[in-house]
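Reading through the C-alpha cells given below for one structure.
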There are 2 protein chains.
Amino acid sequence: MATAPDETGDAFTERQQAVLDAVLALMVEEGGDVTMTMVARRASCSKESLYKWFGDRDGLLTATVRWQASKVRAGNYDRQRLDVLALRDSLTRFAANWLGVISSPTSIALNRFAIAQAGARGSNLGAIMLANGRFAIGERIKPVLEAGRDAGLIGFDDSETAFRSFLGLVGRDVQIRLLLGDRLTLSPAEIERDAARATDQFLALYGTGTAGPVSH
Amino acid sequence: MATAPDETGDAFTERQQAVLDAVLALMVEEGGDVTMTMVARRASCSKESLYKWFGDRDGLLTATVRWQASKVRAGNYDRQRLDVLALRDSLTRFAANWLGVISSPTSIALNRFAIAQAGARGSNLGAIMLANGRFAIGERIKPVLEAGRDAGLIGFDDSETAFRSFLGLVGRDVQIRLLLGDRLTLSPAEIERDAARATDQFLALYGTGTAGPVSH
DNA sequence: TATTTTCCGTACCGTACGTTACGGTTCTCC
DNA sequence: GGAGAACCGTAACGTACGGTACGGAAAATA
C-alpha cells in the first residue's frame, strides 16, 4: 500500500472544500455517475475553475476521496488503565464506530466508486481507501491489542491476524451486502449490540481469563 | 431479495453462452470497461446479433451476471453422519470453497461491476449477486448448522446469526480488500489453513463440546 | 477610480460509445 | 440446387460528456 494515511492533500481552499463536499453529496445521491457539469452546477462554480483547481476529472475525484478520508480520523482508543473492562470498552467503542462508518451512505458511495475504479488500470483510489480506512484503523487498534497481551489479558502470536479476526467478527457480511445494494439498516442500538457481541466473541477466542484460550 | 436463485435465465444458445463467456473474460481482463464493440470482436459476432439476442447493453451484462451465477452452484455439504468430525469437515470444506470463490478473478470482476451498478437507480445486479452468492450459500449451510444443533454439537438461537458469524470468521477483510485492488494472493494452502482456523474458531464460539459454549 | 486577477456562466469542440442500418456470406430447410 | 433466414463485418448516426474558449462580472490591489 503506497499511499500513507498521513499525506492527506487537504491543502484546499474553503471554496475548493465546498466543491469536494458537493462531489460527495452528488456521489451519495446519484451513485457514481457524477459529471463535471453536475459538479459545476451543484457547487455553483465554472467547469473552467474545476479544471484549474483539480487538473482533470480524475484529479477531482481523487481529491474528493482524500478529502473525505481526511475527515474520518475517528476517535483514539486509549490504552491507559488496562483491566479487562477497559480493553472490552475500547474494542467495543472501536467496533461500534467502525460499523457506523462502513454503513454510512458516504462510505458506501465512496467505496462503490473506488471499487469501480479499481478495475481500470492505473487507478489508486482503492489503495487510498484502504490506506485511510482498513489499514489506518488497524494501526490504531493493534497497539490496544498488544497492550492487552502485555497485560496478560489476551493471547495471540500475530496482532495483524488477531485484528483481522476481530474485523471479521465485527463486520461479518455487512459491508459487501450494503455495497451490493442490500437494504440493511443498522440502527444505533443494533450497532451497539453487534459491537458488544463481536467484542465478546473476540475475547472468548483470544482471552486468557475465565474462558480458556483457543488455538488459532 | 426479490430474485430467487432458481430463476436462472440460462435458456441460452451455445452461441449465446459463448458470447457471455467472452463478456466474462473481458470483464476480468479489462475491468468493467467493456464496450459492445469489444464484445462483438471478442466473440466474433456482429453487434446486430448482440442487440437482437440481449436487447441492449444492460441486458447483455445482466445476462452475463445470471449466466455466471448459474455456473457457481458449488458442492453440497451433506449432513449424514453427524459427529463433530463430520461437522467440522463440512464447515471447513464450505469455508475453503467460499474463500476460493470470492478470491477468484471472475468473482472479483463481477462483484466490482455489480457494485458499480448498485449505485445507479433501477439496477438489480447486486440483488442477483447476493441471491446467488451470499444467500444461496446461507441456505445450504444453515441446515448443516441446524443438524449440528439437533445433534447437540453446537448451540445457537438463530441459525442466520450463527451463519453470519461464521461468514465473518471465514471471509474477514478478504473480499473488500480484493475488491479495492489490494494485492492479496490466497494460495490453496493458505485457503485450507484459513478455512480450518475459521472453523476452529466457530466451533470454539458455538460448540457445546470440550470448549465451553459462549453467549452470543 | 483604474487595473489586474479570479471566477462564473455558457457556448463550443472532439471523441467515445451505444445503437441502428446494410451489403455480403453461411446455414437451413424443402 | 434454390429460397429464405440467420448472421458476420463494417459503416454510419446521435448523444453524452470530458475538456477548452470566451465574454462579462466581481473582487482584489494600488
Side-chain angles (χ1 to χ4, degrees), chain A residues 11-67 109 112-114 116-125, chain B residues 11-65 67 109 112-114 116-117 119-125:
Chain A
F12 290 126
T13 311
E14 280 198 18
R15 186 80 187 85
Q16 294 168 353
Q17 291 177 7
V19 171
L20 298 181
D21 281 328
V23 178
L24 280 176
L26 282 175
M27 276 184 169
V28 172
E29 295 170 16
E30 304 294 329
D33 296 351
V34 176
T35 70
M36 300 298 277
T37 303
M38 287 165 64
V39 173
R41 176 142 40 210
R42 177 63 160 260
S44 293
C45 71
S46 70
K47 289 208 285 181
E48 193 178 24
S49 300
L50 292 183
Y51 285 99
K52 180 173 188 176
W53 293 333
F54 304 101
D56 56 0
R57 182 171 188 270
D58 216 58
L60 172 64
L61 298 172
T62 303
T64 302
V65 171
R66 302 178 88 94
W67 165 239
R112 280 198 181 124
F113 181 73
Q117 279 273 109
R121 294 153 304 284
S123 168
N124 57 342
L125 288 187
Chain B
F12 290 125
T13 312
E14 280 197 19
R15 186 78 185 88
Q16 295 168 353
Q17 291 178 6
V19 171
L20 298 181
D21 282 329
V23 178
L24 280 176
L26 282 174
M27 277 183 169
V28 172
E29 294 169 17
E30 304 294 329
D33 296 352
V34 176
T35 70
M36 300 298 277
T37 303
M38 289 165 63
V39 173
R41 177 142 39 211
R42 176 64 159 259
S44 295
C45 72
S46 70
K47 292 206 278 182
E48 191 178 24
S49 299
L50 291 183
Y51 285 96
K52 179 173 186 175
W53 292 333
F54 304 103
D56 57 0
R57 182 171 188 270
D58 215 59
L60 171 63
L61 297 173
T62 302
T64 302
V65 172
W67 165 239
R112 279 197 183 127
F113 181 74
Q117 280 271 110
R121 293 153 304 285
S123 167
N124 57 342
L125 289 186

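Reminder, nothing fancy here: chain letters follow the sequence lines and each chain counts from 1. Because the structure is predicted, anything quoted here is derived from the model rather than measured.
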Salt-bridged, Arg42(B) to Glu30(B), with N to O below 4.0 Å?
no

Test your reading of the model: is there a side-chain donor-acceptor pair from Thr13(A) to the backbone of Gln16(A), 3.5 Å cut-off?
no

Using every non-hydrogen atom in the two residues, find where Met36(A) and Leu60(A) come nearest and quote the distance to one decimal.
SD-CD2, 3.9 Å

Compare every heavy atom of Ala118(A) with every heavy atom of Arg112(B), then report the nearest pair and how far apart it is.
NE-CB, 3.8 Å

CG on Asn124(B) to OG1 on Thr62(B), rounded to 0.5 Å
6.0 Å

For residues Ala40(B) and Lys47(B), report the shortest heavy-atom separation together with the two atoms involved.
CB-CG, 3.8 Å

On a heavy-atom basis, which atom in Val34(B) and which in Val39(B) lie closest, and how many Å separate them?
CG1-CG2, 3.4 Å

With side chains defined as the heavy atoms from C-beta onward, is the minimum distance between Lys52(A) and Ser46(A) less than 4.5 Å?
no

Taking 5' to 3' order, which nucleotide of DNA chain D is first and which is last to have an atom within less than 4.0 Å of a heavy atom in chain A?
dC17(D) to dC22(D)

Give, ordered by number, those residues of residues 44-51 of chain B having at least one heavy-atom distance below 4.0 Å to an atom of DNA chain D; if nothing qualifies, reply none.
Ser44(B), Cys45(B), Ser46(B), Lys47(B), Glu48(B), Ser49(B)

Quick one: pull up CE in Met27(A) and CG in Asp33(A) and give me the separation to the nearest 0.5 Å.
10.5 Å

Using nucleotides 15-17 of chain C, report all nitrogen or oxygen pairs with the protein that are shorter than 3.5 Å.
none

Let me know the distance between NZ of Lys52(B) and C1' of dT19(C), rounded to the nearest Å.
16 Å

Is Arg41(B) touching bases, backbone alone, or none of the nucleic acid, heavy atoms closer than 4.0 Å?
nothing

Looking at Phe12(A), Phe54(A), Trp67(A), which one forms a side-chain contact (heavy atoms from CB on, under 4.5 Å) with Val19(A)?
Phe54(A)

